[in-house]
There are 2 protein chains.
Amino acid sequence: MCQYSKVPPSQLLPVIDDRLACCTPLAREPMTVEQAATAAELLKAVADPVRLRLMSMVLSYEGGEACVCDLGEGFDLSQPTISHHLKVLHDAGLLDREKRGVWVYYRARPAAMAALGDLFSTDLGL
Amino acid sequence: MCQYSKVPPSQLLPVIDDRLACCTPLAREPMTVEQAATAAELLKAVADPVRLRLMSMVLSYEGGEACVCDLGEGFDLSQPTISHHLKVLHDAGLLDREKRGVWVYYRARPAAMAALGDLFSTDLGL
DNA sequence: TTTGAATATTGACACACGTCTATGTCCTAT
DNA sequence: ATAGGACATAGACGTGTGTCAATATTCAAA
C-alpha cells in the first residue's frame with residue numbers, strides 16, 4: 001500500500017510504438033536471423049516468473065497502469081530487485097514509465113503486447 | 001542435407017497434450033505464482049534466437065515436421081549445440097520427437113503452441 | 001531548508017545458460 | 001560381424017542473470 005496520501009491523478013495517454021512491428025508469426029515461414037534476434041529479446045524480457053506477474057499485474061490494474069508502490073507487494077523480493085525487473089521490461093519496450101510526484105507508474109505498451117501475440121498467432125494469413 | 005537415401009515414411013499422428021492447458025491470458029487478472037512459474041518455463045524455452053528459428057523451421061516444414069539433419073543447416077553451430085537446443089524445446093513440451101531409422105524427426109506440439117498463444121491473446125473473454 | 005519516503009543505481013555474488021570438444025549409442029548397409 | 005553415419009550425452013569454460021545490501025536521487029511535507 002502506498003504510504004503517501006495523494007491520489008494518482010490522471011490516465012496516461014496510450015503510447016503508440018512501431019519499433020516492434022517486426023514480429024512475423026512463428027509458424028508461416030522460417031524466421032530470419034534478425035527476426036529471431038528481435039523476438040528473442042522481447043521473449044527473454046518476459047520469460048521470468050516475477051516479470052510475468054508484474055506484467056499481468058500492470059495489465060489488470062484499473063486503467064491499465066500501476067504504481068511501483070503497489071506492484072512491490074505480493075513478492076518476497078527486495079525493492080531494488082523489483083525495480084530491476086521493471087527496468088528490464090521497460091528497456092525491452094514492454095512497459096512505459098511515467099513519474100508523477102514521488103511515484104512512478106508503469107503501463108503496458110500495446111504495440112509490444114501485439115508483437116508478442118502475433119508471434120504465436122495461428123491464424124492462417126487472412 | 002541428409003546423406004542417407006531413404007525417404008521419410010509417414011506422417012506423425014497429432015499429439016494431444018493437456019499438461020499445458022494451464023496458461024491464463026496475461027491481461028485479464030493477476031497471474032498466480034504457479035501460473036507464472038509454468039508460463040515462464042515455456043517462455044524461457046522459446047526465448048532464444050536459435051530455438052526460435054528451430055521452432056519456426058519445424059513449423060513451416062512440409063507436414064509440420066523436420067529431420068534434425070535438415071534443421072542443422074543454416075546455423076553456424078556444432079551438431080551437439082543444435083541437439084541441445086532441440087532437447088530444451090522437447091523437455092519444455094514444445095516439440096515432439098520420433099526416431100525413424102537413423103533419423104530423428106521433430107514436430108511442434110499443438111497444445112504447447114496454443115498455451116503460448118493464449119498467454120498473449122487479447123480477446124476479452126468470449 | 002531539512003527530513004523522510006519512493007524509486008533507481010551500483011557493485012558483488014552465486015547460479016544458470018550457450019557453446020564447444022570428446023565420446024557414447026543406435027541404426028543401416030556392406 | 002564390421003564400419004560408418006546420425007544423433008545424444010558428458011564435461012568444461014566463459015558469459016549472462018537474479019538477487020541482495022548499500023548508496024544515490026528526487027520529490028513533498030513540515
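Source: prediction; values computed, not measured. Below, read A as the first sequence line, B as the second, and so on, with proteins coming before strands; counting in each chain starts at 1.
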Which listed nucleotide (C/dA8, D/dA8, C/dT28) is nearest to the side chain of A/Pro80?
-> C/dA8
Ignoring hydrogens and geometry, is there a side-chain-to-backbone donor-acceptor pair from B/Ser60 to B/Ser56 under 3.5 Å?
-> yes
Any idea how A/Tyr106 and A/His90 line up, ring-wise: parallel (<30°), tilted (30 to 60°), or perpendicular (>60°)?
-> perpendicular
Could you tell me the separation between the CH2 atom of A/Trp103 and the P atom of D/dT26, rounded to a whole number of Å?
-> 18 Å
Salt-bridged, A/Arg109 to A/Asp96, with N to O below 4.0 Å?
-> yes
Kindly say if A/Ser83 contacts the phosphate of C/dA8, meaning a side-chain N or O under 4.0 Å from OP1 or OP2.
-> yes
When you check the phosphate oxygens OP1 and OP2 of C/dA8, does a side-chain N or O of A/Tyr106 lie under 4.0 Å from one of them?
-> yes
Length of the NE2-C1' vector between B/His85 and C/dA16, whole Å | 14 Å
Rounded to whole Å, NZ of A/Lys99 lies from P of C/dA5 at a distance of 16 Å
Nucleotide D/dT19, atom P - distance to CG of A/Leu77 in whole Å = 5 Å
Atom CZ of A/Arg100 and atom P of C/dA6: how far apart are they, to the nearest Å?
-> 17 Å
Within 45° of the ring axis of B/Tyr105 and under 6.0 Å from its six-membered ring centre, is that where the NZ or CZ of B/Arg97 lies?
-> no
Please report, rounded to the nearest Å, how far the C1' atom of D/dT19 is from the CG atom of A/Leu54.
-> 14 Å
Does a nitrogen or oxygen in the side chain of A/Arg97 sit under 4.0 Å from OP1 or OP2 of C/dT7?
-> no
From NE2 of A/His84 across to P of C/dA8 the rounded distance in Å is 12 Å
Quick one: is B/Thr81 getting a side-chain N or O under 4.0 Å of the C/dG18 phosphate, OP1 or OP2?
-> no
Examine the side chains of B/His85 and B/Arg51 and answer whether a donor and an acceptor come within less than 3.5 Å of each other.
-> yes
Among C/dT7, D/dA8, C/dG18, which is the nearest nucleotide to the side chain of B/Val104?
-> D/dA8
Distance-only donor-acceptor test, A/Gln79 side-chain atoms vs C/dA8 base atoms, 3.5 Å = yes
Give a yes/no answer on whether the side chain of A/Ser78 brings an N or O atom under 4.0 Å of OP1 or OP2 in D/dT19.
-> no
Over how many whole Å does the gap from A/Lys44 atom NZ to D/dG18 atom P extend?
-> 9 Å
